[in-house]
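As structure tokens, the structure follows; a few thoughts come after it.
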Amino acid sequence: MESLKQAKPLLGDAVAPLPEADWIALFDKQIKVEVPKNLEHGDYAVNVSFLARYTKLAPPVIAQTVAQVLNQHSAYNATFTWHPIAGFVNAKVTEKALLEALNPLLLGKSKAGENTSKTTERILLEFVSANPTGPLHLGHGRWAALGDSLRRILEHCGASVCAEFYINDHGQQMSNMANSLWFRCLEQLGLAQFPTPEADVPFPYYPGDYVKTLAEQYLSAPQQKAELEGWFQQYGAVRAETFETQTPFLTLRTYSRDAMLALQRGLLDALHVRFDSWQFETDLHAEGKVEEALASLKASGHTYEQEGALWLKSSELGDEKDRVLVKSSGAYTYLAADVANHDKKFKRVENFNRVMHIWGADHHGYIPRMKAAIAALGHNADNFQVILGQLVNLVVNGEKTRMGKRKTMLTLHDVVEEVGVDATRFWLVARSADSTIEFDLDLAASASEENPVFYTQYAHARCSGILRQATEPSINRESGETVQPRFSKQQLDDVFQTYTAEGWNSLLFDPLVSADNKAFIAVREIVLALVQFPEKVADAGRVLSPHLIVRYAMDLASQFHSFYNACRVLCEDEQQALARLALVRCIQLTLAQSLNLLGVSAPEKM
RNA sequence: GCCCUUGUAGCUCAAUCGGAUAGAGCAACUGCCUUCUAAGCAGUAGGUUACAGGUUCGAUUCCUGUCGGGGGCGCCA
């Protein structure tokens, strides 16, 4: 890969008709080293067709010239060929050069997937940010899986990432939650009926069963129960809203918020989704951040008053219309608080150079006004980036169901119980964010046996099993006798430390050339894949797509399974066995790292 | 009505942001356990990339139009 880029100057011969300065500029802009889809086309490829229009030569002719020039230079550890029809220069790297690239991994000098050139970006990534009014559903699970994997990948690329969860605990929905808890409590004490949508319009209540559970929990503390009965004496069975500024309401609101938040956090922990920062909307109000942000907007002339409301001139900054910040009632809109939220993000001491969000596609209309607000605050709106993800459709009994606050809704918790943490995360992150996921519950349940995640994990477990068998006593299943290991762990480590590319080459590849071409190809494919892993991780980070890692892990697992069936690791020849053990070690490390980047466990045995 | 997004194998999805013969996994079919885990391997079959134009050496990808799916257009949060 690197060698091809360094070869740029040599390509000059091929494009002689063009002034030198021109083609160098062209190459810097357009040369792209890629990994061919088809392995027969070599390990790396460069397409030179785009030069056709400048050189007035047919693409294959250019490719041929370039390949011939490159072949004359022995420094590249590769042979170059060209495609007779398409304008491709293909490079096939020598096995020795591939093995050399693998050495740091085996010697423990670098982690699997680590790039030599690392980014130093500081990224603030907000995701999930569910309202604290109920359990997480499947859609939240998607953002959790995607966001956490992204954090792991970006960190692996060298970025420092702060994962943030914003708790929307100020608005109407928190009042509704307090209302709901209030009436569920009264219901359980036999003091009032829980309202029905028909009888009580508008209906500011959450009908979900989890509120019943919450009420039970609340009343289980004798002191709280007594206190609540006292409130009933005082206020009767009225909406909690009617005592909005008083202790009972505030108590219930805070209680339900904390309980729901604890519920959500517990599940996120179980899913190994990590957050570094929890931001409360109420804090923004309490700390005066909202006033501060509004004052800043006013001062820079980006607001005006009309019909008793304060407006943001967002249409001047790319939004389709202006937006209200302060209602004529004097209350802040959600946008006002969110403006403060972003003002705070951009003012953080970490001085983030990217402020990112993962939002559902239903929020896309919100992006322009947020960008406008950020620009109006004097921050660089280009550093604001939103990953829009399509939603999750739930399929039950072959019928699509909408995710919503239905009484019996399928929660993320239910799904995790059904298919497990690993399968849930793998499944939710396996597809690109811009495709809608059809989550078939029945399929997910049955797929838990035929799931690609187990295929990948199994490859890792097999690697571990081989290494275990090589260095630890095992029991023969037939005779029941204890079989002593062929090598000690120390011996294996020592061998790994002393290996050179030449040694590897003669032990890994040479015996296979004469014996079995299929095995040779299998080993070569694996080594190539291992070498390309760091680049794959960098790609996934660049295009913010963890699903690339999913694909990579599955491919590597597949290649390993083939290798496993094609040639025995613990073969008779001791040196050869050691070399293959070293290869297995590299595969194991790489698979473990791939799974780790996805937040999926890498089991030692299955 | 306007805006965003999407349409690829029977199903769920890829395709390295314009490149080579469009690839995987399920499901289907045929073989393979006396050997490091068969949660595996080897193979077969499956396509007019919704449709019609256009741009160029080259289009699943970009542009236009048509048809279908999803979403958004509050002084809600």
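We name chains A, B, ... by the order of the sequence lines, and we start the count at 1 in each one. Predicted model only: the values in this text are computed from it and were never measured.
For a distance-only test at 3.5 Å, the side chain of A:S328 qualifies as a donor-acceptor partner of the base of B:C75. Donor-acceptor pairing under 3.5 Å, judged by distance alone, is present between the side chain of A:N90 and the base of B:A20. One can find a donor-acceptor pair under 3.5 Å joining the base of B:C75 and the side-chain atoms of A:E307.
Judged purely by atom type and a 3.5 angstrom limit, A:R142 uses its side chain to pair as donor or acceptor with the backbone of A:Q390.
Only the P atoms considered, B:G71 is 15 Å distant from B:C13, to the nearest whole Å. The separation of B:A59 from B:G19, taken at their P atoms, amounts to 11 Å, rounded to a whole angstrom. B:A24 and B:U16 are spaced 15 Å apart, taking the P atom of each and rounding to whole Å. Spacing between B:U48 and B:G40 at atom C1', rounded to whole Å, works out to 37 Å.
A salt bridge between A:D43 and A:K92 is absent, with no side-chain N of the basic residue lying under 4.0 Å from a carboxylate O of the acidic one. With respect to A:R551 and A:D555, no salt bridge is recorded, no charged nitrogen being found less than 4.0 Å from a carboxylate O. Taking the charged nitrogens against the carboxylate oxygens, A:D539 and A:R542 do have a contact shorter than 4.0 Å, which makes a salt bridge.
Glycosidic conformation of B:C33 is syn; the angle stays within 90° of 0.
Here the straight-line distance linking atom OH of A:Y552 with atom CD of A:E535 works out to 10.5 Å at 0.5 Å rounding. Taken from CZ in A:R468 to OG in A:S474, the straight-line distance is 10.0 Å, to the nearest 0.5 Å.
Distance from the side chain of A:Y564 is smallest for B:A38 among the nucleotides B:A15, B:A38, B:A20. Distance from the side chain of A:H364 is smallest to B:C4 among B:C4, B:A14, B:A24. The side chain of A:R431 approaches B:A14 more closely than any other nucleotide in the set B:C75, B:A14, B:C41. For A:K37, whose side chain is taken as the heavy atoms from C-beta onward, the closest listed nucleotide among B:A20, B:A14, B:A39 is B:A20.
Between A:R462 and B:A38, a side-chain N or O to OP1/OP2 separation shorter than 4.0 Å is present. In terms of phosphate contacts, A:S558 brings no side-chain nitrogen or oxygen within less than 4.0 Å of OP1 or OP2 of B:A24.
Between the CG atom of A:D434 and the P atom of B:C17 there is a distance of 15 Å, rounded to whole Å. The distance between atom CZ of A:R580 and atom C1' of B:U35, rounded to the nearest whole Å, is 14 Å. A:R542 has its CZ atom 9 Å from the C1' atom of B:C17, to the nearest Å.
Among the heavy atoms of the strands lying under 4.0 Å from A:A461 is at least one base atom, whether or not backbone atoms are also near.
Here A:Y455 does not count as stacked on B:G25, because the ring centres are not under 5.5 angstrom apart with planes under 30°. The aromatic ring of A:H547 is not stacked on the base of B:A14, since the criterion of ring centres less than 5.5 Å apart with planes inclined by under 30° is not met.
Where A:Q172 and A:L570 each meet RNA chain B at their nearest nucleotide, the meeting point lying more 5' is that of A:L570.
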